[in-house]
Visitor: 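One structure follows; several queries about it will come next.
Side chains are part of it too, since the values below use all heavy atoms of this structure and drop only hydrogens, waters and symmetry mates.
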There are 2 protein chains.
Amino acid sequence: MDRRVTKKDDDTSGTERPTLKTLAFMTGLGVTTVSRALKDAPEIGAETRRRVQLVAKQIGYRPNRAGVRLRTGKTNVISLVLNTEHEIMSFVSDIIYGVTEVIADTPYHLIVTPYSRSQDPLDPVRYLVETGSADGVIISRTQPNDPRARYMLERGIPFATHGRTDMGLVHPYHDFDNYAFAGEAVRSLAGKGRNRLALVTPPVGLTYYGHTVNGFADALSDVGASEVPFNTVSIDHTIEQIRMRTAQLMRRDNRPDGIVSSSAAATLAVVAGIEDAGLKLGRDVDVVSKQSSELLHLFRRELLVVNENFRLAGSELARAVLGWIGGADPGSLQSLSTPSEVLPYRG
Amino acid sequence: MDRRVTKKDDDTSGTERPTLKTLAFMTGLGVTTVSRALKDAPEIGAETRRRVQLVAKQIGYRPNRAGVRLRTGKTNVISLVLNTEHEIMSFVSDIIYGVTEVIADTPYHLIVTPYSRSQDPLDPVRYLVETGSADGVIISRTQPNDPRARYMLERGIPFATHGRTDMGLVHPYHDFDNYAFAGEAVRSLAGKGRNRLALVTPPVGLTYYGHTVNGFADALSDVGASEVPFNTVSIDHTIEQIRMRTAQLMRRDNRPDGIVSSSAAATLAVVAGIEDAGLKLGRDVDVVSKQSSELLHLFRRELLVVNENFRLAGSELARAVLGWIGGADPGSLQSLSTPSEVLPYRG
DNA sequence: TTGGCAATCTGTAACGTTTCAGTATATTGG
DNA sequence: CCAATATACTGAAACGTTACAGATTGCCAA
């Protein structure tokens, strides 16, 4: 029995990154006391607390994330789960910026967890939960009956969805009011005398597909316009597909005189298709489109646009997850963003 | 002296996440042996190794990241440092997708570290290094004399830059050959009989500003064309600014008959400005633009485009950092991407 | 038989943090 | 004055991993 002394003595040189032990040595207190003083525990004397916090600030102490995480299980990580194959002209960066804005003055880090089309969307979520890699998760491409949301609810891990679910379960979300968007779009087209309208839908299967389709249909019957079915594409299709199918559509006898498009990228293709068919935007047909950056009016000033702010979505989603992590009631962390008016080109 | 036994006994129920201790219990081996068997250490018997690895796979053992990180300092994290204010119509998502593609089958996670215009760009890098939050870093908006690169070289942390530096220091990078791009653009405009050319530059101060300007200038003298100075904007300016200044430029007597643009978003504004001045693209002036997605030809088919692949950039950057972390020679981890030809609209 | 030496395997300490169960000292009630 | 109690602090254990320093076994040469 040799009791060798290998334990590293307190580092007095100050060159290493400071730890609680460093602080304890400097203040002459025990590690426990320091730990508690830093988190304002009640059983620490007021002066001691101030002293410790002062020294900590002075030497730039920052808790070691691995230490905290190992001991407490708290990762201080939010994961944004992304499909890496959809959405050209991507709003993803905006969401990311929105999220980072909110977590900037928190201890949280943002990790991006990708999955590809071939994978089960549940895979990345399962990975995160099983490995305990995040305190909170943000998912998008939300479905009415979303297995990921169900799974995370079961496992009790805080999350927020971009888009709503429809399972009778309550959880935080942020959504753009696509029902209102489609309705406003239809009404503004009707206001221009258009009455045979087509819709370029969101991806079938996602919740906001339903919202959009319903908003479109309800407004149609409101204004007494009729629908020209255009079910062969959604905004998940490629530019080329949308363009070709739009051209086909516009060459038919019963072509629409108004089109509502759920994404800016799709709109570019739609307009190209319209022009392929020899028609003119604004004369033969009007198009209302969502956009997330102010670019469509540069493209064709005849376009009518509605703005969707994805940076805001990112911020709201981050706030929602952090709120849930912080113990707030999930039901109170739901927000719906109202579309702007339908905007024509302004000089 | 009470020697209380609080230590948690081995969990035999199997409901918790398996650790090395779980594996040790199941195999009847010591924790050390299991740890070594899993990483193919030489002093472990062949059969034991196989047995441990089999069991580990069966029960889905995954090393606890916090444990590893605390013990070894290895974070298994790559950080992408981003400016959250520049670059509308952002290529950022493509870079992210490229990075995630490469790290997908590694133990690495990607964290996004933002900084805003108001901050010193060195701040986030310093934070990462000081807190040891990442094993490798990717930065963009690289400058000829880049304090971030210098700092990370001093501190010995592996990184890769999107864009080159010019400090006589060697480090991994990926860059698009903007010298070649500008040159090709000028030559193709000259081929169309254009000989008074203007350039919408990258942000002044970034390395590729110089590359682009030089490529432009050298090619101009090659083909015997002249430059129409247009120094009042760069692609960092807002859409409105670029549009307005372009319109001003195009109303002058000595207006250019050809323009080279360093970004797709800027090009939208440039074209709008051209049209504001009552001129017609393709007739009065030709424009060559870089683009990162195939959208510009939908915008105006008269545009000439050169494609820059940011997903590839992301992949290359990730490969570079991982390579450096893996001990490869930094000088061997540099890549330059050659521009595509200048492409006209193809039906 | 013994000593030496590979070949395998193991216990313990340590990374930095939080929490449990104390301890020491001062304060109060009776 | 003594016991009970509040106040302010502390050591040790534990989270899961790896590395150091041994320990055990079998085999072979001397």
Visitor: With distance as the sole criterion, do the side chain of A:R36 and the base of D:dT10 form a donor-acceptor contact below 3.5 Å?
Guide: yes

Visitor: Check the distance between D:dT10's P and A:F25's CZ and give it to me in whole angstrom.
Guide: 14 Å

Visitor: Rounded to the Å, how far apart are A:L29 CG and D:dA8 P?
Guide: 13 Å

Visitor: Take atom CG of B:N76 and atom P of D:dG16, then tell me their distance rounded to the nearest Å.
Guide: 18 Å

Visitor: For a quick test of reading the model: is some side-chain N or O of A:T33 closer than 4.0 Å to OP1 or OP2 of D:dT10?
Guide: yes

Visitor: Could you walk me through whether A:V92 and A:L82 satisfy the side-chain contact (heavy atoms from CB on, under 4.5 Å) test, starting with their C-alpha distance in whole Å, then the side-chain angles of each, then the deciding distance to 0.1 Å, before giving a yes or no?
Guide: CA-CA 8 Å; A:V92 162; A:L82 290 180; 3.6 Å; yes

Visitor: For B:K21 and C:dG11, what is the distance between atoms NZ and C1' respectively, to the nearest whole Å?
Guide: 14 Å

Visitor: Mind jotting down which residue pairs meet the salt bridge (Lys or Arg N to Asp or Glu O under 4.0 Å) criterion with at least one end in residues 119-136 of chain A? Sequence neighbours excluded, please.
Guide: A:K74-A:D135, A:D123-A:R126

Visitor: Would you mind telling me which of A:T48, A:I44, A:L20 makes a side-chain contact (heavy atoms from CB on, under 4.5 Å) with A:L29?
Guide: A:T48

Visitor: Hey, which sits more toward the 5' end of DNA chain C by its nearest nucleotide, A:P18 or B:G30?
Guide: B:G30

Visitor: For A:H162 and A:Y173: C-alpha separation, side-chain torsions, deciding distance, then whether ring pair (Phe, Tyr, Trp, His ring centres under 6.0 Å) applies.
Guide: CA-CA 6 Å; A:H162 188 204; A:Y173 64 76; over 10 Å; no

Visitor: Parallel, tilted or perpendicular: which one describes the rings of A:F310 and A:F91, with boundaries at 30° and 60°?
Guide: parallel

Visitor: Taking atom P of D:dC15 as reference, at what distance in whole Å does atom NZ of A:K74 sit?
Guide: 21 Å

Visitor: Quick one: is C:dT18 close enough that its OP1 or OP2 comes under 4.0 Å of any side-chain N or O from A:K39?
Guide: yes

Visitor: Name every residue in residues 48-72 of chain A that has at least one heavy atom under 4.0 Å from any atom of DNA chain D, in order of residue number, or write none if there are no such residues.
Guide: A:T48, A:L70, A:R71

Visitor: Could you check whether atom CD of B:E47 has more than 12 heavy atoms from other residues, nucleotides or ligands sitting under 6.0 Å from it?
Guide: no

Visitor: I want to verify a distance call: between D:dT17, D:dC15, D:dA19, whose nearest atom is closest to the B:T32 side chain?
Guide: D:dA19

Visitor: Over how many whole Å does the gap from B:R17 atom CZ to D:dG16 atom C1' extend?
Guide: 9 Å

Visitor: Round to a whole Å and report the spacing from CG of A:L23 to P of C:dT18.
Guide: 12 Å

Visitor: What about B:S35, does its side chain sit under 3.5 Å from the base of D:dA19 through a donor-acceptor pair?
Guide: no

Visitor: Here's a test of your reading of the structure: between A:E43 and A:V31, which maps to the more 5' nucleotide of DNA chain D?
Guide: A:E43

Visitor: Would you check if the side chain of A:Q53 reaches a backbone N or O of A:A37 as a donor-acceptor pair within less than 3.5 Å?
Guide: yes

Visitor: Tell me: CG of A:L20 to C1' of D:dA12, nearest whole Å?
Guide: 15 Å

